[in-house]
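Below is one structure; the comments refer to it alone.
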2 protein chains.
Amino acid sequence: MDDRAKRIRRNSPGGKADTAKVDLTAVVVAVSNNEPCVLTIGQTDTLPSGPLALEHRSLQSGLRTWVEEQTGHPLGYIEQLYTFADRDRAGAELERRVISISYLALTRKEHATAPSKSSWQSWYDYFPWEDHRAGAPPMVSDLLRPRLIEWAESADDDATRLERRRRAAIAFGFGDRPWNEDLTLKRYELLYEAALVEEAMRGSTLPPPVRGKSMVSDHRRILATGISRLRSKIKYRPVVFELMPPAFTLLQLQRTVEALAGRLIHKPNFRRLIEQHQLVEETGETSTETGGRPAKLYRFRHAVLEEGEVAGAKLPLSRA
Amino acid sequence: MDDRAKRIRRNSPGGKADTAKVDLTAVVVAVSNNEPCVLTIGQTDTLPSGPLALEHRSLQSGLRTWVEEQTGHPLGYIEQLYTFADRDRAGAELERRVISISYLALTRKEHATAPSKSSWQSWYDYFPWEDHRAGAPPMVSDLLRPRLIEWAESADDDATRLERRRRAAIAFGFGDRPWNEDLTLKRYELLYEAALVEEAMRGSTLPPPVRGKSMVSDHRRILATGISRLRSKIKYRPVVFELMPPAFTLLQLQRTVEALAGRLIHKPNFRRLIEQHQLVEETGETSTETGGRPAKLYRFRHAVLEEGEVAGAKLPLSRA
DNA sequence: CCGGTTATACTCTACCTGAATATAAGGCGT
DNA sequence: ACGCCTTATATTCAGGTAGAGTATAACCGG
């Protein structure tokens, strides 16, 4: 234990170096009208967040407190995303370092208990290149591809040029590569590195080359982290149901998954999968709101959560 | 931005509540002689760790600095594990909160550059119930099962009793349930909750009911987190190769994976998988050290890392 | 009652996975 | 040299899963 004391002494010449401000930030997700949304506060595009304080029992309870206070939304399911601590995050003039611990939360818009200054924004306002439900958006090949190639070519040596081209091709599915919806974070980081998004150009007077709303500080990166995590998680854990009403049709469920994944799913295979894993049970009711033949209503079988977390539903994502 | 100011004011009556000490902790893993090992420092069972300081450029670089200084091991592959901030972690008497950010690092023992006070310990010294390579260890059914059932029965109401039994059965594969090696963290947390491990009995004079070395502070929980993460990750990402020498036989590779997973793998299927995904290429050499027919030596095809991270090798874990 | 629309059921094929078996190529003792 | 032990490598087979397409059912509105 005496090296520990030594270490601490070594790094605390003034007794101040070791302290940091800790910020909790939430990516709160809901889906309505087949549109995946994130909760923001104020006029600016800002995620709910606040400093960790001594009265908070834990990180999670601190986060819940902040989000409920700022948005009137009590949170259900939450999971930790990532901890950032870039020193230049809040500008170099700050003496103290800022640690930012981010969480992903899944909820439903109806769960709000109080009106507030918060509002819901579609994911795809911030990431217009991420919605492939109607095929790849034109901007991917018309705008992003040429700009990324330009960026790759601007590298000093051949090796870097090659590597940049390959990274871009993998992330965005250029050439004959498939689109991988899970790579949202990689794509954003690539656009940032290539200085194609507004956040990478702060202080510049030029307009950002790529459309898509930006967010305060590094909140768009945190949102991208949340989207990436959620898109991969829905494939092996039944978390979608956190976003569903108590009773729903199988098509509603499918549309919700499609909204999150940003791509279409083969209907018969999706139903087969859900039934195979016995994720839902019929309520007995039907819904005629869909226009055609009435659809059976289902509810989530909460028992699956207890049955051995192995199951995990892989999604039959269509290649079409 | 003026709610932000308000929030900060609200929680900083003395200007002190918002600061925290940030600790970086590393789970450094290597495999040798078919035994998965973790790097510890000093006499006590302590993971390499140290406070984040202002001179560190980032969390990762701070961690690398600490580990290298304490153990003489430069780190290669690292990934963030989890951020803990339990208030009772360092005892309630502390004014300031401690945030603990943990990382998983993969390396090889040979990479040490300097001798030091650090040493390698087998995972299974800390978690003897996690090694199922020779079948389920007797202690699981002889010791853990009765103790966990006892704990479940001691609950006040029927619902809790049922839920505890089910959680234990899932985590440890009681009854006819399969053993799921990924649940290392859940198992440790369950034993902690049931007060069967030493860490849950600090301050008590009774001997801990379950064998297995304990660690300083919450380091055993952090190690469990690392094992869980690594065990699931080897199934879909080619990270094992970080632990392998430059050239190896397919059986050596298999034994390494088995050491990590704590269970055996079906040999022909394992080879088929590796070849299918073209994870390796022949070096042209062979090794006769294995006793029987000389085995071809292989090296990792680094190109797969660039080829589109989708691939992901699922492991054919044997049920036998 | 007919076409539009959605729901639900069924089929077919390619591929993946678990599992078992067969053959090859070294070392070593007699 | 021969046979045996050990490990390496190749092949096969059955069951299951995933992708994709097609068929039938039930409601609505004109």
Side-chain angles (χ1 to χ4, degrees), chain A residues 34 132 178-181 234-236 247-258 261 263-299 310-320, chain B residues 34 132 178-181 234-236 247-258 261 263-299 310-320:
Chain A
N34 301 331
H132 285 229
W179 170 259
N180 183 348
E181 70 280 357
I234 46 174
K235 284 171 193 140
Y236 61 95
F248 48 84
T249 69
L250 291 182
L251 186 59
Q252 284 167 354
L253 181 63
Q254 181 181 341
R255 294 283 178 245
T256 302
V257 174
E258 288 175 339
R263 61 188 302 178
L264 297 179
I265 292 172
H266 186 90
K267 196 202 278 199
N269 293 350
F270 180 76
R271 305 174 121 260
R272 176 174 62 189
L273 194 90
I274 300 294
E275 282 156 17
Q276 230 168 21
H277 291 272
Q278 301 189 283
L279 296 177
V280 297
E281 60 192 3
E282 301 183 10
T283 64
E285 320 265 297
T286 58
S287 160
T288 52
E289 292 178 17
T290 45
R293 170 176 171 176
K296 289 183 190 166
L297 284 170
Y298 293 86
R299 74 172 73 89
V310 206
K314 283 180 194 161
L315 286 181
L317 294 171
S318 160
R319 279 185 194 138
Chain B
N34 301 333
H132 285 230
W179 171 258
N180 182 348
E181 70 281 357
I234 46 174
K235 285 169 194 142
Y236 61 96
F248 48 84
T249 69
L250 291 181
L251 187 59
Q252 284 168 353
L253 181 64
Q254 181 182 342
R255 294 283 178 247
T256 303
V257 175
E258 288 174 339
R263 61 188 303 176
L264 298 179
I265 292 172
H266 192 262
K267 196 203 277 200
N269 293 350
F270 180 76
R271 305 173 121 263
R272 178 175 59 189
L273 194 90
I274 300 294
E275 283 155 17
Q276 234 168 18
H277 291 272
Q278 300 189 284
L279 295 177
V280 297
E281 60 192 3
E282 302 184 9
T283 64
E285 320 265 296
T286 58
S287 161
T288 52
E289 292 176 17
T290 46
R293 169 176 171 177
K296 289 183 190 165
L297 284 171
Y298 293 84
R299 75 172 73 88
V310 206
K314 283 181 194 163
L315 285 182
L317 294 170
S318 159
R319 281 186 193 136

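Below, all heavy atoms of this structure are taken into account, side chains as well, without hydrogens, waters or symmetry copies. A quick note: this is a predicted structure, and the numbers were derived from the prediction, not measured.
Scanning for side-chain contact (heavy atoms from CB on, under 4.5 Å) contacts around A:Pro268 gives A:His266, with sequence neighbours left out. By the salt bridge (Lys or Arg N to Asp or Glu O under 4.0 Å) test, B:Arg299 pairs with B:Glu281, sequence neighbours left out. Not counting sequence neighbours, B:Glu285 has no partner by the salt bridge (Lys or Arg N to Asp or Glu O under 4.0 Å) test. Residues passing the salt bridge (Lys or Arg N to Asp or Glu O under 4.0 Å) test with A:Lys267: none are found, sequence neighbours excluded. With sequence neighbours left out, A:Arg272 forms a side-chain hydrogen bond (donor to acceptor under 3.5 Å, both in side chains) with A:Asn269.
Among C:dA19, D:dA8, C:dA20, the nucleotide with an atom closest to any side-chain atom of B:Pro268 is C:dA20. Listed nucleotides: D:dG19, D:dA10, C:dT17. Nearest to the side chain of B:Leu273: C:dT17. Among C:dA20, C:dT8, D:dT9, the nucleotide with an atom closest to any side-chain atom of B:His266 is C:dA20. Residue B:Lys267 places its side chain closer to D:dA8 than to any other of C:dT8, C:dT21, D:dA8.
Atom CD of B:Glu275 is separated from atom C1' of D:dT9 by 9 Å (rounded to the nearest Å). Atom P of nucleotide C:dT8 and atom CD1 of A:Ile274 are separated by 13 Å, given to the nearest angstrom. Here the C1' atom of nucleotide C:dG18 and the CG atom of B:Leu264 are 15 Å apart, to the nearest Å. Atom C1' of nucleotide C:dA7 and atom CD of A:Gln254 are separated by 12 Å, given to the nearest angstrom. Regarding A:Leu250, its CG atom lies at a distance of 13 Å from the C1' atom of C:dA9, rounded to whole Å. Atoms CD (A:Gln276) and P (D:dA18) sit 6 Å apart, rounded to a whole Å. At whole-Å resolution of the value, CG in A:Leu253 and P in C:dT8 are 12 Å apart. At whole-Å resolution of the value, CG in A:Leu297 and C1' in C:dT6 are 14 Å apart.
The phosphate of C:dA7 has neither OP1 nor OP2 within less than 4.0 Å of any side-chain N or O from A:Arg271.
Using a 4.5 Å heavy-atom threshold, the side chains of A:Val257 and A:Phe270 count as touching. Taking 4.5 Å as the limit, every side-chain heavy atom of A:Leu297 sits out of range of all side-chain heavy atoms of A:Thr286.
Nucleic acid contact class of B:Leu251 (heavy atoms, under 4.0 Å, all strands): sugar-phosphate only. Within 4.0 Å of A:Lys296, counting heavy atoms only, lie sugar-phosphate atoms of the nucleic acid but no base atom.
Closest-nucleotide positions on DNA chain C for A:Arg272 and A:Tyr298 were compared, and the one nearer the 5' end corresponds to A:Tyr298.
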Checklist entry - Can you give one letter per nucleotide of nucleotides 25-30 of chain C, going 5' to 3': B for a protein heavy atom under 4.0 Å from the base, S for sugar-phosphate only, - for none? => result BSS---
